[in-house]
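Have a look at the structure below, then the notes.
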Amino acid sequence: MPADSSSASVTPETAQSGAGLKVGMKPRHLVMMSLGSAIGAGLFVGSGAGVQAAGPAVLISYVVAGLIVIFVMRALGELVAADPNPGAFSHYAGRAMGPAAAFAVGALWWVQLCLVVAAEATAAAQIAANYIPAIPQWVIALAIMVIFTAINLTTSGSFGEFEFWFSLIKVAFVTLFLVLGAAYLFGWTPAEPPAAVFTDGFMPTGLPGVAAGLLVVAFAFGGIEIVAVAAAETADPSRSVTQAIKTIVWRILFLYIGSVAVIVLVLDWNDERLTESPFVAVLNTAGLPVIASLLAAVIVIALLSSMNANIYGASRMAFSMSERRMLPAGLGSTTKRGVPVAAVLATSAFGFVAVALNYFWAAEVLGVLLNIVGSTLIVTWVVTLVSQIIIRRRAEAAGEELPLKMWLFPWLSYATLAGIAMIIILGLTVESVRTQILGTLVFSAALYGIGYLVTRKRRA
């Protein structure tokens, strides 16, 4: 198949000329940005929806999805370390399967992150409105979108430093939550520990519940792949991304599964508080209301950090696709400081639409956004793995030495694809999930068709 030969990149030459993106981030920014983008609404709010769907068995959903994410990230890391590019999996899909595939996965991921940005802004505004009820939720959401759009219009180095400290706060918070949750379970807090756990059994909703929880969980892990996009603006990207991939996924898995384990051990799976903020509910149950109130503010910071990173990642994808002549040329322009202003504004646009939705349907917006996003990540994972298999075989045939390799190739790549297929099959047995999956597949097919037409005109 034809390769996607034209690609956006960041080089010393572009940095000197003032054209294109510029190298500005450090390896520590890369690691913390990936942590920051993944620890957001999916964990702090979406985890409650997952528990309600599957009960304590949501832990199975997290383990399955977590292992798949680890293997997908390793496969992606192999591609990025050898060929860092702001188009990331879109660029690799183009190399492996042709420009139409590059357009489809790039556009799908960009739309997905636009929705995530809206979800993060909505979740942060929802929590903040509980503590400052005098200000309408839509006003808070509007202020959030204005501030964080402005932050993303700074240089990548300034953005990276800001995101580093934001992410550090949320990682420290999740760690503190794990410590306090364990203290409550051992009886070391003012409240009495639960007399029994799993009162309705470990799997109260059966396998369909676990399947329904998988897409919620998939959304929770979404965002970690931004490391592939950001690597191109990092000094020594091959070395930086290799270090990041080796450490990020295990930290994420520990923080996620540890947090959800505390939640299911403390709260009943049908507790109404799970739909609001399960983390705050756990701390209130543990007899720590003051800490719960203080940490609610930290949750808002965490959500904003995730949104911040997602605006960055989506804007770079739009920039890359414009550079490859798949989106309007204006999205590929940058300032002298290397900021793709048009791409940032285009990415933030749906967040501002969500502000209007908050005005009319404040209570329903977040749930709708969370449901839309989950299945789109599965498409990204599949395309990443298929691209890795094809490009790895070409590299081996050409005798190329890769700086980072997928474990147990090709068998683990195929096994991961089989695991994703299992998620899809299970999801098709649940009506609400089936609608998401089929809708995403139809949308992806439509994007592929549009991509074929767009790239055919480009080649003409």
With a cut-off of 3.5 Å and sequence neighbours excluded, list every side-chain donor-acceptor pair involving residues 413-424.
{"from": "S413", "atom 1": "OG", "to": "Q388", "atom 2": "OE1", "distance (Å)": "2.8"}
{"from": "Y414", "atom 1": "OH", "to": "R393", "atom 2": "NH2", "distance (Å)": "3.3"}
{"from": "T416", "atom 1": "OG1", "to": "L412", "atom 2": "O", "distance (Å)": "2.7"}

* In terms of ring plane angle, is the pair F71 and W407 parallel, tilted or perpendicular, where the classes change at 30° and 60°? -> perpendicular
* side-chain contact (heavy atoms from CB on, under 4.5 Å) evaluation trace for V210 with V58 -> CA-CA 6 Å; V210 175; V58 74; over 6 Å; no
* Side chains of M145 and V117 in contact at under 4.5 Å (non-hydrogen atoms) -> yes
* Looking at CZ of F103 and OH of Y448, how far apart are the two atoms once the value is rounded to the nearest 0.5 Å? -> 12.5 Å
* Do you see a donor-acceptor pair shorter than 3.5 Å between the side chains of S90 and W109? -> no
* F89/M317 under side-chain contact (heavy atoms from CB on, under 4.5 Å): CA gap, chis, key distance, verdict -> CA-CA 10 Å; F89 24 83; M317 178 62 74; 3.6 Å; yes
* For the pair F148 and F162, name the ring-plane relationship: parallel under 30°, tilted 30 to 60°, perpendicular over 60°. => perpendicular
* Asked: Can any side-chain N or O of T154 pair as donor or acceptor with the backbone N or O of I151 at less than 3.5 Å?
  -> yes
* Structure fact -> Between A346 and W110 the two heavy atoms that sit nearest each other are O-CZ2, 3.7 Å
* Asked: Between the side chains of E163 and S305, does any donor sit under 3.5 Å from an acceptor?
  -> yes
* Asked: Does the side chain of P278 come within less than 4.5 Å of V51's, by heavy atoms?
  -> no
* Short question: side chain of S322, backbone of A329 - any donor-acceptor pair under 3.5 Å? -> yes
* Shortest non-hydrogen contact between A82 and P403, atoms and distance -> N-CG, 3.9 Å
* So, do P410 and R392 sit near enough that their side-chain heavy atoms are less than 4.5 Å apart? -> no
* Value rounded to 0.5 Å, distance of CG in N152 from CD1 in I311 -> 5.0 Å
* In Å, rounded to the nearest 0.5 Å, how long is the span from OG1 of T149 to CD1 of I144? -> 11.0 Å
* **Audit row: I147, L304, side-chain contact (heavy atoms from CB on, under 4.5 Å) steps and yes/no** => CA-CA 10 Å; I147 292 170; L304 297 179; over 6 Å; no
* Under 4.5 Å between any side-chain heavy atoms of Y92 and V80, yes or no? -> yes
* Hey, does I226 have a side-chain heavy atom less than 4.5 Å from the side chain of L113? -> yes
* **Minimum-distance pair of heavy atoms, taken over all atoms of G55 and V264** => O-CG1, 4.5 Å
* Structure fact -> Heavy-atom closest pair (R434 atom, L428 atom, distance to 0.1 Å) is NH1-O, 2.7 Å
* Intermediate values then yes/no, side-chain contact (heavy atoms from CB on, under 4.5 Å), L402 and K405 -> CA-CA 6 Å; L402 301 174; K405 293 183 178 181; 4.2 Å; yes
* Asked: So, do Q112 and T380 sit near enough that their side-chain heavy atoms are less than 4.5 Å apart?
  -> yes
* Asked: Which value, rounded to the nearest 0.5 Å, describes the distance between L255 atom CG and T175 atom OG1?
  -> 5.5 Å
* Asked: Just how far is it from atom CD1 of I301 to atom CD1 of I169, taken to the nearest 0.5 Å?
  -> 5.0 Å
* Would you say L331 and M321 make side-chain contact, with heavy atoms under 4.5 Å? -> no
* Asked: With sequence neighbours left out, which residue pairs that include part of residues 205-215 fulfil the salt bridge (charged side-chain N to carboxylate O under 4.0 Å, His left out) condition?
  -> none
* Asked: Any side-chain heavy atom of I263 sitting closer than 4.5 Å to one from F177?
  -> yes
* With no hydrogens and no angle check, do the side chains of R316 and S320 hold a donor and an acceptor under 3.5 Å apart? -> no
* Does R394 pair with E400 as a salt bridge, N-O distance under 4.0 Å? -> no
* side-chain hydrogen bond (donor to acceptor under 3.5 Å, both in side chains) partners of Y62, counting only residues at least two apart -> none
* Structure fact -> In short, S315 meets Y312 closest at the heavy-atom pair OG-O, 2.7 Å
* Asked: Shortest non-hydrogen contact from A141 to A125?
  -> N-CB, 3.7 Å
* With rounding to the nearest 0.5 Å, note down the distance linking CZ in F443 to OG1 in T376. => 9.0 Å
* Asked: When you check the gap from the basic side-chain N to the acidic O, do E78 and R74 get nearer than 4.0 Å?
  -> no
* Counting N and O atoms only, with roles assigned by atom type, does the side chain of S333 sit under 3.5 Å from a partner on the main chain of G330, one being a donor and the other an acceptor? -> yes
